[in-house]
Every structure is written in C-alpha cells, then in structure tokens.
Participant: 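Have a look at this one before I ask anything.
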Amino acid sequence: MTPRLELRGITKRYGKRVVAQDVGLSLRAGEFFVILGPSGEGKSTLLRMVAGIETPDAGSILIDGREVTHLPPNKRNVSMVFQNYALYPNMNVYRNIAFPLKMQFFPPEEIAAKIQAIAKTLGITDILQSSVNRISGGQQQRVALARAIVRSPSVFLLDEPLSNLDARVRFTARAELKKIQQELGQTFFYVTHDQKEAEALSDRTGVLHQGRLEQVSTFEVLYNEPETRWVGDFVGDVPMNYLPDPEGGVGEEIGFRPEWVVLDSAGPRSAMVELSENLGETHYLVCVTPEGKKIILRSVVRHGPGETVRFRIVRAQRYGPDGRRMPPSPSGEGPVEGPLALTTKADARAQGPPPTVP
Amino acid sequence: MKPLRPARITLYVAVALLAVIILYPIYILFLVAFSPAHFTLDALYPPQLPHAFTLQNLTTALQSYNLIDPLFQSLQVAFLVAFIALGLGIPAAYGLSRLPPGLAYGITTVLFVANILPALTIVVPIAAEFISLGLYDTAVGLALLQELVVLPLAVFILLGAFQSIPREIEYQARVDGAGLARTLFGTLVPLAKAGIIAAFLLSWMFSWDEFTFAVILVPIHPTLPVVIYDNITRGNLLATTAFAIVMTIPVILLTVVLQKYLKGEELAGGLKG
C-alpha cells in the first residue's frame with residue numbers, strides 16, 4: 001500500500017541554520033502522526049514544506065505516491081490549521097468554513113449541507129453567522145478545524161493548534177481532536193512542542209532535534225527505549241538519569257528513569273539528597289551519587305536534604321559514548337540489580353505502591 | 001458637566017485655532033462667491049460678515065466661461081491617476097510586502113527619486129517626448145506624468161497595509177485551494193481595504209489640484225487648476241471664486257463617502273498569537 005504521505009531525504013537550510021537534515025518519514029493512511037520537538041528547531045518548517053509554503057533544498061515529498069515537492073499549496077490536496085488559526089477576518093464563521101469548498105466549486109446546496117454537518121459535529125452551529133473576531137479562542141480553534149476538515153484532503157496538517165488555548169480548554173480540545181480524527185479515519189500530521197499532546201494524540205511520534213529525526217516510534221517506546229540520550233532527556237517529566245555502566249567500556253553509561261529505581265535500604269547504590277520537590281503524591285529527590293553525578297529519584301516519603309538513600313536499579317538502557325542506545329548487556333534487559341519486589345516492610349513503606357513501569 | 005482638566009483645555013484651544021486657520025480661507029472663498037462684489041472685491045474695507053446674498057457671481061461666471069470641459073478633464077485625469085495608482089500599486093506593494101521589511105522599504109525609497117527632483121526638471125523633457133508619442137495635451141498623458149509622483153506614495157501606503165496582514169492568512173488561502181490571483185483579490189485586498197482607500201483618496205486629490213505638470217502638458221485642454229490660474233492672471237477674480245467652489249465640492253463629497261472605510265475597524269482581531 002502506498003503511504004499517505006512520504007518524505008524522502010528532506011533537507012532545508014536558512015543561511016547556516018539547518019532546519020531539516022535528511023528527514024525521511026512515511027505516514028500510513030488514517031494515522032495520527034506527531035512531530036515533537038523543542039520550539040524553533042524546524043518542526044513548523046517541516047509542516048510548511050508538506051503544505052507547499054516552503055520548498056525543501058533537497059529531497060522529495062510524496063502524497064498518495066504522487067510527487068508534490070514543487071507543486072503550489074492549492075495543488076496538493078492538503079488542509080492546514082495554523083497556530084494562530086488564520087481565520088479570514090473579513091468573513092464570518094460560515095463563509096470561513098465555506099471558503100475551501102468554494103475554491104473547489106461545490107454547488108451552494110452541497111456547501112450548506114456540509115457546513116451544517118460539520119458545525120453539528122464540532123458544536124458551533126449557533127455561531128455560524130458570527131464574526132470571527134467576536135468568538136472565544138476555543139471557538140476560533142474549532143472554526144479553524146472545521147474549515148480544515150470540511151473537505152476531505154489526503155493529509156491534515158496541524159501546527160500547534162492547541163497552544164493558544166488556556167489549559168482547561170486545551171485538555172478537552174485534545175480529547176475532542178483525537179475523537180474527531182478517529183471518526184474521520186483521516187491522516188493527521190501534527191506538530192507540537194508539548195509531549196503531553198504527543199502522548200495523548202499520537203499513533204506514532206517523531207522527535208525532531210536540530211532538524212534531525214532522532215527517533216520515530218510510539219510514544220511508549222520513546223519513553224521506555226529512547227534511541228539517544230537527547231530523546232531520553234527531552235521526553236518525560238524529568239530528564240533521564242545516567243550513571244557509569246559497571247559492565248561497559250569507557251564512556252558507556254546506563255540510563256534510567258526515576259520510576260525504574262526501587263528505594264531499598266539493602267540496595268547496592270547510595271546517593272545523598274540535595275533537594276526534594278513535592279509533586280502531588282510523589283516527591284522528586286534530586287540526589288548526588290558518590291561519583292558526583294546528579295540523578296533524580298522518586299519517593300512517596302519525604303526525604304530532607306542531606307539524607308542518604310539507598311536504592312537499586314530494576315531497569316535500564318545502555319548508552320554509548322556517542323549518546324546512542326546500545327543493545328542490552330549480555331545479562332539481558334530488565335532488572336539489572338535485583339527484582340522489583342521489596343525486601344523489607346520498611347522499604348515497602350518508603351517506596352509506596354509499586355511503581356507502574358510502563 | 002465635569003470640570004475640564006488643563007490638558008483638555010489646551011487641547012481644545014489648539015484644535016479651535018487649527019480649525020480657524022484651515023477654515024478661514026474657505027469661509028472667505030464662500031463669502032466672496034455669494035456676496036455682491038461691492039461688499040467684497042470692490043470694497044475698500046470689506047466686511048468679514050455676509051451682508052447680502054447673491055447667485056449672480058456664479059451664474060455670470062458659469063455663463064461666460066467654459067467650466068464644463070475643464071471639470072471633465074480634471075475628473076478624467078484624477079480618476080485615471082487613482083485607478084492606475086491602485087492597479088500598479090497593489091501588485092507592487094504585495095510583492096514588496098513579501099520581501100524582508102528592510103529591503104522592501106529600501107526599494108520603496110528608490111521609487112521616490114521622481115519626487116526628489118524638481119517637477120519642472122522632469123516635466124519639460126517628458127512633455128517633449130510625449131509630443132512625439134501623441135500623449136501631449138491628453139488626459140492619459142497627464143495621468144501618466146502625475147503617476148511619477150503619486151505611485152511611490154501609493155505603494156508606500158499599500159505596503160504598510162499589506163505588511164500588517166499576517167502571513168498565515170495568505171498561506172491559509174493557498175492551502176485552502178485559492179490560486180495566486182484569488183488569494184490576492186479574495187482575501188488580501190479586502191483586508192488591506194483601509195490602506196487601498198487611503199491610497200485612492202490621496203492619489204485622486206493629488207491629481208485634482210496638481211498644477212505644474214498640467215500647465216505644461218495640457219495647455220489646450222486644461223484642468224481646473226490651470227483654468228483658475230489663467231483667470232487669476234487675467235484678473236477675473238469673481239469667476240475664479242466660482243471655479244474654486246466647483247473644485248472644492250467633489251473633494252468634500254469623495255471624502256465624506258470614503259471616510260467611513262478609513263477607520264480600519266474590520267482589520268482588528270481574528271488572529272491570536
């Protein structure tokens with residue numbers, strides 16, 4: 001089956017700044033694909049190249065197997081939602097949504113029927129005749145979405161469509177967006193810097209760093225098996241922890257997340273708490289190991305600065321000196337320093353409920 | 001009524017003074033036009049207030065001089081100038097607005113070269129050239145000549161208007177399936193409406209009272225300013241006032257009709273971030 005959207009060796013530079021370096025991607029039909037990365041590292045440019053607003057310096061873009069690299073945006077059969085929604089201020093809501101249909105010369109009755117249907121789905125029926133300047137941010141976002149999905153393009157391009165909403169609205173808008181995508185069964189190519197969005201929305205996520213795709217996989221794999229140390233640090237609430245690998249060579253380190261550690265008074269490792277931060281039910285402990293490495297651990301019990309905690313690592317990834325993930329050590333992946341089970345009751349209390357290792 | 005703050009008072013005084021400076025000449029114009037001559041031009045000490053009303057001055061002037069032809073010539077040239085300014089200025093300004101702002105303003109500055117040179121320096125060689133091109137003493141010829149000065153101004157105003165439109169609106173229209181022409185005229189031009197009307201008014205009014213180019217290029221079929229000048233030099237002051245009033249009325253009409261579009265209300269909002 002031909003991929004819905006395919007990028008081959010896309011490279012783009014602005015002067016000396018590289019915003020895309022040999023990016024290759026392939027999106028299945030019906031997939032919700034998220035590009036995740038820090039602000040200003042080429043995510044939006046990648047999306048704009050797919051839309052046809054920017055042209056890559058090298059590489060090719062294929063939509064439904066058709067080469068579109070040098071076609072203008074109106075010949076590509078894509079629709080787009082911009083971060084600022086880009087609603088036409090001189091038109092009301094209805095005419096905004098009707099615009100792409102008019103461009104495709106749909107008869108007026110069909111336009112009206114399509115708009116009524118989409119307005120019902122998105123709950124904007126009662127604002128159809130309003131000016132786009134007089135509606136709330138959440139409503140503007142829906143109108144922009146309605147305008148994008150009212151026709152059926154090959155690919156939907158969404159450039160941080162939720163980032164201008166306040167936190168509450170964003171949460172419901174996110175769930176709604178996923179629902180709509182599943183109902184439509186359409187292909188979404190979505191750009192965000194917010195990993196919560198990637199986690200909630202994506203079928204697969206590609207992590208973009210300085211124009212390079214660091215890793216493409218499900219969010220779960222991104223979190224548990226980061227291909228590079230950079231991904232490990234970027235994904236997750238806190239950066240990954242790294243300690244020298246006892247079995248490895250020079251520069252090789254093991255990387256582990258706070259929840260892959262069990263606090264255990266009989267554990268083989270120790271660290272001194274520097275700082276404790278309370279986040280809901282858990283405390284994040286910023287600790288220093290005897291080697292002088294800073295790591296972050298997790299505990300349900302408060303540990304004050306200066307206290308020493310003992311722990312063992314139950315799960316880890318190995319990273320080479322180049323920062324890339326290495327195959328698991330000969331002893332195999334999984335618990336590297338004993339089982340998940342706790343040895344004493346006191347430790348069980350200190351650890352709290354067993355960590356949910358994803 | 002709440003007490004006026006000193007800042008307010010000075011503001012009102014300044015506005016009143018300015019209004020008097022601007023309106024007084026117009027008042028005198030109307031006074032002379034509608035009063036019998038022995039109260040105004042023929043009086044040794046003309047009174048500042050109207051003493052009698054007459055239409056005699058106007059009817060005499062209109063009967064004895066050809067006013068209609070210069071009026072039409074002026075209207076023809078002014079509308080030509082305004083429409084050419086928009087027809088060339090809109091594509092030019094749109095193109096410039098897509099360049100980096102520094103470069104765009106650099107190019108616009110270069111366009112003003114014709115404005116830097118004295119009008120008489122430009123008009124004589126061009127008039128000579130227009131004779132061989134068949135554009136001498138024609139409305140089109142005069143309009144083209146006035147574009148030299150008007151077009152850079154129009155481009156400058158339109159450039160600002162296009163630059164204030166977020167780039168995403170244009171991208172969105174393109175992605176939504178609009179071609180280049182539809183994007184420009186269907187979404188960008190409506191959003192630049194205030195700037196376009198301002199450019200239209202400015203171009204029209206410049207042409208309406210332009211004199212130096214007109215007096216040299218269209219002496220046989222003159223425009224209103226040239227006719228007024230002729231009458232002043234011949235001492236026909238009463239006829240001059242009649243022409244001046246005829247010349248003022250279209251400006252007032254046009255301004256009243258178009259000024260409601262100049263508020264730019266519809267440009268606000270619609271975009272976040």
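Per chain, numbering begins at 1; letters A, B, ... match sequence-line order. The structure presented is a predicted model; accordingly, all values stated were derived computationally and were not measured.
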Participant: Taking B/L188's backbone N and O only, do any of them form a donor-acceptor pair with A/Y88's side chain (distance below 3.5 Å, no angle check)?
Facilitator: no

Participant: Just checking B/Y94: does its OH atom have more than 12 heavy atoms from other residues, nucleotides or ligands closer to it than 6.0 angstrom?
Facilitator: yes

Participant: About how many Å separate CZ of B/R174 and CE of A/M80, when rounded to the nearest 0.5 Å?
Facilitator: 14.0 Å

Participant: Going by side chain to side chain contact (heavy atoms under 4.5 Å, CB included), B/E168 matches just one of A/N84, A/D159, A/I53. Which one?
Facilitator: A/N84

Participant: Report which part of B/R167 has an atom under 4.5 Å of a heavy atom belonging to chain A: side chain, backbone, both, or neither.
Facilitator: neither

Participant: Would you give the length of the straight line joining atom CG of B/L180 to atom CG of A/N74, rounded to the nearest 0.5 angstrom?
Facilitator: 9.0 Å

Participant: For A/M91 and B/G186, work out which heavy atoms get closest and say how close.
Facilitator: CE-O, 4.3 Å

Participant: How long is the span from the CD1 atom in B/I169 to the OH atom in A/Y85, to the nearest 0.5 Å?
Facilitator: 13.5 Å

Participant: Using a 4.5 Å cut-off on heavy atoms from C-beta on, say whether the side chain of B/V175 contacts that of A/P153.
Facilitator: no

Participant: Using every non-hydrogen atom in the two residues, find where A/R151 and B/D176 come nearest and quote the distance to one decimal.
Facilitator: NH2-CA, 4.0 Å

Participant: Any chance you could measure B/I165, atom CD1, to A/N90, atom CG, to the nearest 0.5 Å?
Facilitator: 9.0 Å

Participant: Looking at B/Y27, I want to see if its OH is surrounded by more than 12 non-hydrogen atoms of other residues, nucleotides or ligands under 6.0 Å.
Facilitator: yes

Participant: Just grab all the salt bridge (charged side-chain N to carboxylate O under 4.0 Å, His left out) pairs involving residues 105-115 of chain A, residues at least two apart or on different chains.
Facilitator: none

Participant: Heavy-atom distance under 4.5 Å to chain B: side chain of A/R76, backbone, both or neither?
Facilitator: neither

Participant: What's the spacing between A/F99 CZ and B/T187 OG1 if we round to 0.5 Å?
Facilitator: 5.5 Å

Participant: Report, by ascending residue number, the residues of residues 139-153 of chain B in heavy-atom contact with chain A at a distance under 4.5 Å; give 'none' if the set is empty.
Facilitator: none

Participant: So does B/F112 have more than 12 non-hydrogen atoms from other groups sitting under 6.0 Å from CZ?
Facilitator: yes

